[in-house]
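Note that the structure is predicted; figures quoted are calculated from it, not measured. So you know, we letter chains A, B, ... as the sequences are listed, proteins then strands, and number each from 1.
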Amino acid sequence: MAFREYRIGCMMFGLALSTSMFVTIFLPGLDISGMSSTKLALEKQLTYGWESGFNYYDPFLRGKDKPIKVTLTKDPKTGAPMDKTNAYVFPAGTHFPDGLTHDNILGDKVQKASDEIGKIGEANEAQGGVFLVQTTADDTPYIEFATATRGWTTDAVLKAADNKSLAGSGKTLFIREGCWWCHTLLPEETQDWQTFGRPPLVGDFNGESPTTFGSDRKAPDLLHVGSRNSSREWLTMHFFNPRLVQPHSIMPRYDYLWGDKDKSGNPIDLKAWDREFMAYAKGESIYPPEVPIPADDSEARMLIDFVLNLK
Amino acid sequence: MLKYLFAKEEDIPQGSTALFFGVSSICWFIIGTGLGSFNAAKLAFPDWYHGLYALQFGHMRQVHVHAVIFGWIAMAFAASMMYITPALGNTKLWSEKLGIWNCLLYNVGLCFALALLWSGMTSGREYSDHIWPVDLYIAFVMVVPWSLNVWMTVLNRRTQGIYTTNWFFAACMFMTIIVFLVGNLPEFFHLTGLNEAYMTWWFAHNILGLLITPVAAAITYYIVPKITGNPLYSHRVGHLHFWSIVVFYSTPAAHHLMSAPLPEWLKSFASVEGVLILVPAVAYVCNILLTMQGKWSMFVTNIEIKFTITGVLLAIPLNMQGGFQQTRAINWYIHGTGWIVAHAHLALLGFSTFAEAAAVYYGLQVLLRRKLYSASLANFHFWMVLIGFSLYWVSMTIAGLIQGAAKIYEVPYVDVVIAEHPYMIVRWLGGTMVFFGNCIWLYNMVMTARAGSIVPVGRQPAEVAYTR
């Protein structure tokens with residue numbers, strides 16, 4: 001039987017589909033890849049590390065393989081007082097974000113400044129190191145590899161640090177626990193300025209993965225939440241049981257992120273806590289039970305650090 | 001099923017693959033809607049249970065989405081393709097054995113993939129949440145063998161031309177594989193930043209636009225002429241539908257990110273292409289509704305036509321919303337609100353589910369050569385799904401409009417949560433009705449297989465549906 005072979009149809013189909021992909025993937029990819037990093041993009045890369053979703057180095061999304069963000073008020077090498085500075089400590093073996101390992105992520109000017117002034121070419125993952133985000137005189141942000149330029153070792157910086165933030169591990173938990181199903185990280189360009197702050201710029205995302213904008217907002221946008229509410233106590237109560245601080249909240253409880261022991265090593269009994277809370281909710285007692293302070297290595301602490309870091 | 005895994009090709013009864021895919025799809029539909037109903041309950045009453053941390057909303061939300069998309073919708077598509085493609089090519093399925101293995105590995109893989117997702121192992125990218133090893137499994141073990149069966153059946157056809165339905169089946173399977181592999185490039189090659197964000201939505205848009213919508217439409221192109229006995233109203237309008245899907249539906253991906261900092265030219269381009277989606281939509285709906293000429297009584301009397309035409313009618317608001325809600329003029333108001341959730345359910349639970357349910361109802365009766373066990377239960381199922389869906393759609397649309405108003409008037413967010421509470425309860429009730437209706441459906445189909453009366457050779461199940 002004489003079959004119709006649909007030759008012209010198949011060719012037109014291939015042409016249509018490849019043109020469509022050329023216009024919707026290749027051209028935008030070219031355009032987006034040409035965007036230069038903002039200072040925020042550099043800070044985010046150094047805070048969140050290589051990858052916050054599933055990856056080979058942290059397959060169960062426990063917040064491993066992440067840098068530590070620290071605040072310094074004295075020079076870790078000399079001990080001399082200095083202006084408050086954020087430094088990003090990558091312990092030996094921690095994987096670097098793409099901006100440090102690929103030349104085409106940061107944008108030409110930023111890359112040049114980071115190479116020439118910041119000496120990032122001398123950093124390697126096996127030895128780790130300390131990074132800073134700086135700005136040149138003509139306002140170009142760049143990454144400085146402080147271990148090379150200032151001789152700051154990871155140990156010295158961690159020792160001299162006033163405050164250690166595990167925001168990088170926290171972002172992994174933000175993804176694992178599905179926070180982004182309800183909280184967007186994207187104030188909209190049209191109407192969100194007053195309530196949720198400045199929408200992000202095109203260069204704010206270079207090197208970040210995943211970007212977790214979120215799409216379905218069932219709760220407030222969190223991109224600048226750390227600027228609106230910087231109370232660790234409030235957040236601790238809110239994560240443990242949101243109804244403690246906001247009776248109408250529909251957010252799930254995240255008390256299981258506390259783990260077995262609180263900061264001072266006392267065991268946490270969630271069932272007993274819940275009994276006391278229900279008594280409070282029914283009006284049988286005047287005060288709700290105390291919320292345990294999360295241990296330094298608990299997942300709750302990581303997540304709270306991440307949220308507080310969203311300035 | 002298991003006994004056919006190592007049987008010779010000629011010993012496997014024709015239609016086995018479609019049958020197994022069909023039954024699996026109904027089971028997954030129950031699981032998927034059950035998960036959805038459970039999640040919805042948590043949005044209405046966050047503390048109604050606690051202590052079972054495995055049942056956290058953040059871990060289960062995406063399991064619901066992927067159970068219905070990969071379990072129900074995709075497997076119902078597979079079931080339909082496995083019996084419609086050979087029927088339209090006047091031939092038999094290329095390989096029943098491949099099909100049976102495909103069905104088994106599909107079910108096993110999906111269970112595994114959902115378990116990983118449930119445990120929190122995710123790529124953190126909406127709609128492509130699966131981790132990349134699972135993506136590869138889905139592409140090469142679940143989708144490629146399925147496509148191979150469809151393509152080879154089309155190539156081995158014993159008809160001269162190819163009917164509209166089979167163009168869509170063959171082309172959509174090809175596009176799905178391309179979209180799946182290209183859309184997951186950010187995970188395979190660790191692409192970052194806005195490229196990752198954009199590719200996430202390029203994937204999400206195209207998997208809907210190039211698989212779910214056109215295949216559901218293709219199914220109705222078969223079911224309506226087959227059951228009413230009317231020829232398709234216009235083959236040419238079918239051409240218009242097919243080609244405008246390929247051109248206009250594959251291009252507007254960026255309209256999902258209208259309020260994100262993407263290049264402005266990309267957003268404008270996507271928005272214009274998004275309105276042009278109305279071209280295939282209008283062509284399709286007109287074509288099917290005009291095919292019904294003179295047979296509109298079957299919309300009332302025949303369960304498959306009732307499901308199909310309801311789906312086609314739901315495609316009208318779906319495409320009107322879809323075409324215009326992504327323009328800048330409207331998107332700023334409803335972006336990120338419950339309106340979008342309602343729209344997504346209109347596409348998947350409205351249009352495409354109704355079309356597929358008809359194909360599965362019809363397919364199982366044809367393959368089993370048995371009359372439906374109970375037309376009343378089927379009608380009950382229809383009304384449960386339709387009323388449940390409508391409650392869901394209307395309540396979430398209203399909730400979305402409240403959210404939109406609160407967004408522009410800068411109302412404190414907790415007041416939005418309080419205002420949405422009644423609609424969250426209605427949403428939960430609607431979803432639960434769909435779940436309950438599906439349980440009845442499974443019972444009806446199991447009883448059809450066991451106790452349905454035999455359809456005489458040479459007759460259609462639809463012809464004898466109401467004879468005793």
Side-chain angles (χ1 to χ4, degrees), chain A residues 1-4 6 13 16-17 20 23-25 28-29 31-33 35 51-54 59-61 98 105 175-179 181 184 186 188-191 194-195 199-202 205-213 215-220 243 246 248-253 256 274, chain B residues 42-43 46-47 50-51 53 56-59 61-62 120-126 131-132 158 160-162 171 175 178 182 186 190-198 200 202 243 246-247 250-251 253-254 256 259-263 266 332 335-337 340-341 403 407-408 410 413-414 417-418:
Chain A
M1 195 187 288
F3 283 104
R4 284 190 59 191
Y6 292 90
F13 176 71
L17 197 61
S20 151
V23 177
T24 60
I25 294 180
D31 196 348
I32 292 169
S33 303
M35 309 277 181
E51 165 69 40
S52 305
F54 168 83
F60 301 107
L61 280 77
D98 274 8
I105 302 287
I175 288 163
R176 188 189 79 190
E177 294 302 322
C179 309
W181 292 123
T184 50
L186 185 74
E188 293 176 9
E189 288 178 348
T190 42
Q191 289 298 324
Q194 285 286 319
T195 325
L201 303 172
V202 275
F205 301 98
N206 294 28
E208 187 184 1
S209 173
T211 39
T212 31
F213 287 161
S215 66
D216 172 13
R217 200 185 273 172
K218 297 186 268 297
R243 262 70 63 194
Q246 177 45 269
H248 297 287
S249 169
I250 56 168
M251 185 170 124
R253 304 180 189 187
Y256 59 99
D274 193 62
Chain B
K42 283 187 277 193
L43 289 174
D47 264 341
H50 52 262
Y53 300 116
Q56 277 285 319
F57 181 84
H59 284 238
R61 189 253 192 217
Q62 61 271 43
M121 287 172 75
T122 168
S123 65
R125 304 174 60 229
E126 189 167 3
I131 62 177
W132 62 262
R158 295 194 293 168
Q160 193 187 22
I162 302 176
M175 293 192 284
I178 299 282
V182 174
H190 202 252
L191 307 182
T192 55
L194 275 182
N195 277 319
E196 182 271 333
Y198 174 58
T200 301
W202 186 89
W243 288 105
V246 176
V247 175
S250 65
T251 39
H256 294 260
S259 57
L262 283 182
L266 182 59
W332 66 282
H335 183 264
T337 67
I340 304 294
V341 183
Q403 247 179 303
K407 181 163 76 172
I408 60 168
E410 287 155 7
Y413 207 92
V414 69
V417 174
I418 296 168

Checklist line | Region of A:Met251 that comes under 4.5 Å of a non-hydrogen atom in chain B | finding: backbone
Next item on the list: Ignoring hydrogens and angles, tell me if any N or O in the side chain of B:Tyr198 forms a donor-acceptor pair with the backbone of A:Ile32 under 3.5 Å.
Entry: no
Item checked: Most contacts with chain B, counted as non-hydrogen pairs under 4.5 angstrom, among A:Ser52, A:Ser249, A:Pro59 -> A:Pro59
Checklist line | Region of A:Leu186 in contact with chain B, defined by heavy-atom distances below 4.5 Å | finding: side chain
Check: For B:Ala254, is it the side chain, the backbone, both, or neither that has a heavy atom closer than 4.5 Å to a heavy atom of chain A?
Finding: neither
Checklist line | For the student: nearest non-hydrogen atoms of A:His248 and B:Val414, plus distance | finding: CB-CG2, 3.8 Å
Next item on the list: Verify side-chain hydrogen bond (donor to acceptor under 3.5 Å, both in side chains) between B:Ser259 and A:Glu189, making sure each step is shown before the conclusion.
Entry: CA-CA 5 Å; B:Ser259 57; A:Glu189 288 178 348; over 6 Å; no
Note to self: Heavy-atom pairs under 4.5 Å with chain A: which of B:His256, B:Gln403, B:His335 has the most?
What the structure shows: B:His335
Item checked: Test item: B:Glu196 side-chain N/O and A:Thr212 main-chain N/O as donor-acceptor pair under 3.5 Å -> no
Checklist line | Residue part contacting chain B, namely of A:Asp31, when any heavy atom lies under 4.5 Å | finding: side chain
Check: If you tally heavy-atom pairs under 4.5 Å against chain B, which of A:Phe205, A:Phe213, A:Phe54 wins?
Finding: A:Phe54
Notebook entry, point to check: Side chain, backbone, both or neither: which part of A:Gln194 has a non-hydrogen atom closer than 4.5 Å to chain B?
Noted result: both
Notebook entry, point to check: Using non-hydrogen atoms only, which part of A:Ser20 is less than 4.5 Å away from chain B: side chain, backbone, both, or neither?
Noted result: both
